Amino acid sequence: MTAPLASDRAYVPFVSVDNMMKLVHSIGIEAMLAGIASYIEEDFRRWELFDKTPRVAAHSKEGVIELMPTSDGETYGFKYVNGHPKNTKEGLQTVTAFGLLADVYTGYPVLLTEMTLLTALRTAATSAVVAKYLAPKGATTMAMIGNGAQSEFQALAMKVLCGIDTLRLFDTDPKATEKLTRNLAGLGMTLVPCKTAEEAVQGAHIITTCTADKQNATVLNDNMVGAGVHLNAIGGDCPGKTELAPAILHRADVFVEYPPQTRIEGEIQNMPEDFAVTEMWQVISGQAEGRRDDRQITLFDGVGFATEDFSALRYIRDQLEGTGLYQDLDMLADPDDPRDLFGMVLRATPASEAAT
Ligand code: NAD
């Protein structure tokens with residue numbers, strides 16, 4: 001079932017997982033990562049327009065369920081997302097998500113979409129946008145620590161936007177590294193599986209940590225981080241869940257998305273409240289300095305912010321027209337007389353009568 005996008009306000013276009021995968025194939029994953037990255041960068045540049053709030057998180061022993069809302073005044077968006085590190089052992093994803101865009105003027109939804117794949121794409125695109133500003137010049141090698149669901153996306157975005165052509169891989173589960181190596185074979189990158197994180201960081205210009213563990217883990221020790229490296233630490237994104245030895249934060253210049261959220265969820269949750277950070281929107285819009293010199297250690301303490309999901313949702317909405325890669329959902333009650341909601345119910349033919 002396909003009807004005109006948004007022009008028929010009774011229907012809301014819905015992008016299923018199946019259609020999102022078809023969209024990825026029809027656009028091409030590298031082009032899609034570059035496209036989402038450009039929307040993310042554009043929205044960082046107009047940061048001050050957005051309504052911003054730390055995400056609303058419901059924690060349990062097993063994980064977290066979060067709502068991530070924002071608006072630029074014309075369009076409103078939110079994402080529902082979970083994070084359950086124990087899920088993979090039960091054959092389930094650590095992170096799943098869906099999201100919605102709505103028209104601020106009418107309040108009507110204009111897009112509903114799966115966001116598990118889209119989150120992986122937007123997280124990778126965000127990492128690469130940030131690395132464009134912070135990674136050392138001429139970076140070609142990235143250590144990828146944590147080779148789970150997000151990892152291939154991270155690798156490809158760094159290839160497309162930052163010119164990374166060599167990956168040094170480590171995961172505590174060698175099967176994850178084997179899976180990554182299989183998936184990225186033939187995609188134009190040299191893949192070097194490593195036995196330890198120490199080995200993986202040797203010679204790396206960028207180190208991405210993307211591990212899942214609901215605890216203060218030490219994926220990287222201070223002595224593993226040399227001068228000039230850019231750290232892209234994105235796995236620690238919850239209270240009580242971090243990846244880096246705190247000493248690293250004292251040697252690095254730390255860059256964040258939205259401080260009120262990162263101070264609760266990011267690596268800096270282990271630092272004093274006034275620990276100095278630079279906001280990425282300021283770097284991207286030229287109001288703050290990014291990388292200063294070749295010896296500086298830069299650290300992106302990425303937790304994922306609502307504007308990045310908003311950017312990804314906008315991108316998807318702009319690609320859909322004419323593709324047919326969506327279904328129209330009948331999720332808005334739309335009586336001819338807006339005040340006659342009850343009459344609409346009375347006039348509806350019960351299924352039992354319709355069958356006779
Ligand atoms: P996943 O469970 O699919 O993969 C995580 C991998 O980390 C697994 O293969 C696991 O074996 C490995 N691992 C765990 N501890 C390790 C360690 N000490 N050293 C090396 N490897 C280790 O999870 P995922 O979907 O890839 O997500 C990874 C993390 O990224 C999660 O914590 C998730 O919450 C976070 N995340 C952050 C953002 C963001 O915007 N910052 C977005 C999505 C996911």
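Each ligand, and each atom within it, is numbered from 1 in the order the structure gives. Here the structure is a predicted model, which is why all the values come from computation and not from measurement. Atom set for the values below is all heavy atoms of this structure, side chains included, hydrogens, waters and symmetry mates excluded.
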Nearest-neighbour protein heavy atom for atom 4 (O) of ligand 1, which is reported as residue plus atom name and distance: Gly148 CA, 3.2 Å
Atom 25 (O) of ligand 1 [closest protein heavy-atom partner, distance rounded to 0.1 Å]: Gln150 NE2, 2.9 Å
Sub-6.0 Å ring centroid separation between Phe50 and Phe310: yes
Gly302 heavy atom under 4.0 Å from ligand 1: yes
Atoms of ligand 1 close to Thr123 [distance to a heavy atom under 4.0 angstrom, numbered from 1]: 38 (C), 39 (C), 40 (O), 42 (C), 43 (C)
Residue portion contacting ligand 1 (non-hydrogen atoms closer than 4.0 Å) for Ala176: side chain
Location of contacts on Thr172 toward ligand 1, heavy atoms closer than 4.0 Å: both
Arg122 to ligand 1, any heavy atom closer than 4.0 Å: yes
Residue and atom name of the nearest protein heavy atom (relative to atom 34 (O) of ligand 1), distance in Å to one decimal: Asp237 OD2, 2.8 Å
Backbone N/O of Ala97 and side chain of Thr116: donor-acceptor pair under 3.5 Å: yes
Same apolar cluster (I L V M F W Y, side chains within < 4.5 Å links), Leu249/Val201: yes
Region of Gln93 that comes within reach of ligand 1 [heavy atoms, distance under 4.0 Å]: neither
Residue part near ligand 1, for Lys89, under 4.0 Å between non-hydrogen atoms: neither
Which segment of Asn87 sits under 4.0 Å of ligand 1 when only heavy atoms are counted: neither
Region of Thr211 engaging ligand 1 - heavy atom pairs below 4.0 Å: both
Residue Asp336 excluded, over 12 heavy atoms near CG under 6.0 Å: no
Pair Glu41, Tyr133: side-chain N/O donor-acceptor within cut-off below 3.5 Å: yes
Any side-chain heavy-atom pair of Leu118 and Phe98 under 4.5 Å: no
Per-atom contacts of ligand 1 with Thr88, taking only distances under 4.0 Å to non-hydrogen atoms: 2 (O)
Closest to atom 28 (C) of ligand 1 (judged by heavy-atom distance), picking from Cys210, Pro85, Ser151: Cys210
Criterion side-chain contact (heavy atoms from CB on, under 4.5 Å) on Leu231 and Phe300, from CA distance to verdict: CA-CA 6 Å; Leu231 294 171; Phe300 175 47; over 6 Å; no
Nearest atoms (heavy-atom pairs only) where Ala204 meets Ile207: CB-CG1, 4.3 Å
Contact (N/O only, under 3.5 Å) between Thr94 and ligand 1: yes
Numbering as shown, the atoms of ligand 1 that approach Phe170 to under 4.0 Å (heavy-atom distance): 19 (N), 20 (C)
Atom indices of ligand 1, in the order listed, that fall short of 4.0 Å to a heavy atom of Val303: 39 (C), 40 (O), 41 (N)
Geometric N/O contact Ala149 with ligand 1, under 3.5 angstrom: yes
Gln296 backbone acceptor or donor facing Arg291 side chain under 3.5 Å: yes
For Glu74, all residues meeting side chain to side chain donor-acceptor pair (under 3.5 Å), sequence neighbours excluded: none
Aromatic ring proximity Phe305/Trp281, centre distance under 6.0 Å: no
Protein contact of atom 32 (O) of ligand 1 - nearest heavy atom, named by residue and atom, plus distance: Lys241 NZ, 2.8 Å
Asn223 atom CG, neighbour heavy-atom count above 12 within 6.0 Å: yes
Residue portion contacting ligand 1 (non-hydrogen atoms closer than 4.0 Å) for Asp171: both
Proximity to ligand 1 by part of Val219, non-hydrogen separation under 4.0 Å: side chain
Residues that Thr177 engages under side-chain contact (heavy atoms from CB on, under 4.5 Å), provided they are two or more places apart: Asn147, Leu169, Asp171, Thr181, Pro193
